[in-house]
Amino acid sequence: MDSKKVALFEQILEEMVPFHRILQLRLEEISTGCARLRIPYRPDLVGDPRRNSIHGGVIASAMDAAGGAAALTTLTSYEDRCSTIDLRVDYYRPGRAEDIITEARIAQNGNRVIFTHIKAYHPSDPNSIIAEGTAVFSVRRTEPSNNIETPLVL
């Protein structure tokens, strides 16, 4: 993906979505069908002060944003629309008081829906998954997409 497209995705994800600004979400990497985002740790993101763990809603929101970012890479025009219609998150362990990475890949790119697989982890321990999930996005393209029937390789 060329640097102009990456800069546009960065602007959309980090600046144009008000809730992403609240989370201080940062785009780490993006390519067709894939996205990796970072939520920098802040004490006000803690959900359980007894354990000093990140609120599950913050993790789910970041996972939804990563899935949406991956889905956005398949759109063909600025007028195309994409919105979450389903999000499932399975939590495996608490998010520690440190940055969290959410990583999404498209599992199936359909004509009207896109299915993504998403995981959340700490950059200090990428093999220890905090949460894993799937998100389904409704998509309305102004022009038909190429390779709709072919899922991207995970």
Side-chain angles (χ1 to χ4, degrees), residues 1-75 80-110 113-139 145 147 150-154:
M1 185 174 295
D2 68 42
S3 60
K4 284 185 180 182
K5 271 190 174 179
V6 171
L8 177 62
F9 282 116
E10 187 174 57
Q11 181 183 20
I12 290 168
L13 292 166
E14 294 181 8
E15 299 170 22
M16 295 175 74
V17 180
F19 189 63
H20 292 181
R21 287 196 316 263
I22 290 169
L23 293 177
Q24 297 178 5
L25 179 131
R26 296 291 170 251
L27 178 64
E28 292 263 306
E29 187 176 326
I30 195 160
S31 60
T32 303
C34 304
R36 185 171 58 229
L37 309 177
R38 179 184 294 258
I39 299 293
Y41 170 74
R42 297 190 329 260
D44 60 325
L45 300 180
V46 169
D48 185 348
R50 297 168 301 158
R51 297 178 76 180
N52 202 28
S53 59
I54 303 298
H55 191 284
V58 170
I59 295 168
S61 295
M63 292 175 73
D64 182 33
L72 286 177
T73 67
T74 69
L75 301 183
D80 291 354
R81 299 285 180 240
C82 181
S83 57
T84 308
I85 55 175
D86 187 49
L87 176 67
R88 177 195 166 97
V89 177
D90 295 315
Y91 297 94
Y92 301 134
R93 58 186 48 83
R96 298 185 302 265
E98 59 184 87
D99 291 3
I100 292 178
I101 300 291
T102 56
E103 201 171 279
R105 297 190 188 292
I106 291 177
Q108 181 69 45
N109 183 9
V113 294
I114 295 173
F115 297 86
T116 62
H117 180 261
I118 313 158
K119 61 183 176 177
Y121 57 89
H122 295 290
S124 63
D125 191 4
N127 294 322
S128 185
I129 304 298
I130 298 166
E132 201 168 31
T134 56
V136 182
F137 298 89
S138 171
V139 65
S145 177
N147 298 323
T150 307
L152 296 174
V153 177
L154 297 179

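- Counting all heavy atoms, side chain and backbone alike, S31 lies closest to T73 at O-CG2, 3.5 Å.
- Inter-residue side-chain proximity for F137 and L87 is flagged as unmet; no heavy-atom pair is nearer than 4.5 Å.
- A salt bridge does not link K119 to E132: none of the charged side-chain nitrogens sits closer than 4.0 Å to a carboxylate oxygen.
- If you take CD1 on I39 and CG on L25, they are separated by 4.0 Å, rounding to the nearest 0.5 Å.
- Interatomic distance, OG1 of T116 versus CZ of R105, reported as 12.0 Å (0.5 Å rounding).
- The distance from the OH atom of Y92 to the CD1 atom of I130 is 12.0 Å, given to the nearest 0.5 Å.
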Extract all donor-acceptor atom pairs below 3.5 Å that involve side chains of residues 4-21 and protein atoms in other chains or at least two apart in sequence.
residue	atom	partner	partner atom	Å
E14	OE2	L27	N	2.8
H20	ND1	L13	O	2.8
R21	NH1	E15	O	2.5

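- For R42, the CZ atom is densely surrounded, since the number of other residues' heavy atoms within 6.0 Å is greater than 12.
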Exercise answer: donor-acceptor pairs, residues 54-70 side-chain atoms, under 3.5 Å, sequence neighbours excluded:
residue	atom	partner	partner atom	Å
H55	ND1	G57	N	2.7
S61	OG	G57	O	2.8
D64	OD1	T84	OG1	2.7

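- Taking 4.5 Å as the limit, some side-chain heavy atom of C82 sits within range of a side-chain heavy atom of L75.
- Side-chain contact between V139 and D80 is absent, with no heavy-atom pair separated by less than 4.5 Å.
- Atom CD in E29 sits 8.0 Å away from atom SG in C34 (nearest 0.5 Å).
- Rounded to the nearest 0.5 angstrom, T134 OG1 and H117 NE2 are separated by 7.5 Å.
- Scanning both residues, P40 and L45, for their nearest heavy atoms gives O-CD1, 3.6 Å.
- In terms of modelled atom types and a separation under 3.5 Å, the side chain of S138 and the main chain of S83 share no donor-acceptor contact.
- Within the model, atoms CD1 of I101 and CG of D125 stand 12.5 Å from one another, a figure rounded to the nearest 0.5 Å.
- Partners of R96 by salt bridge (Lys or Arg N to Asp or Glu O under 4.0 Å), not counting sequence neighbours, listed by chain and number: E98.
- One N or O on the side chain of D99 and one on the backbone of Y41 form a donor-acceptor pair closer than 3.5 Å.
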**Report entry** Verdict with supporting geometry, R36 and T102, side chain to side chain contact (heavy atoms under 4.5 Å, CB included)
**Finding:** CA-CA 6 Å; R36 185 171 58 229; T102 56; over 6 Å; no
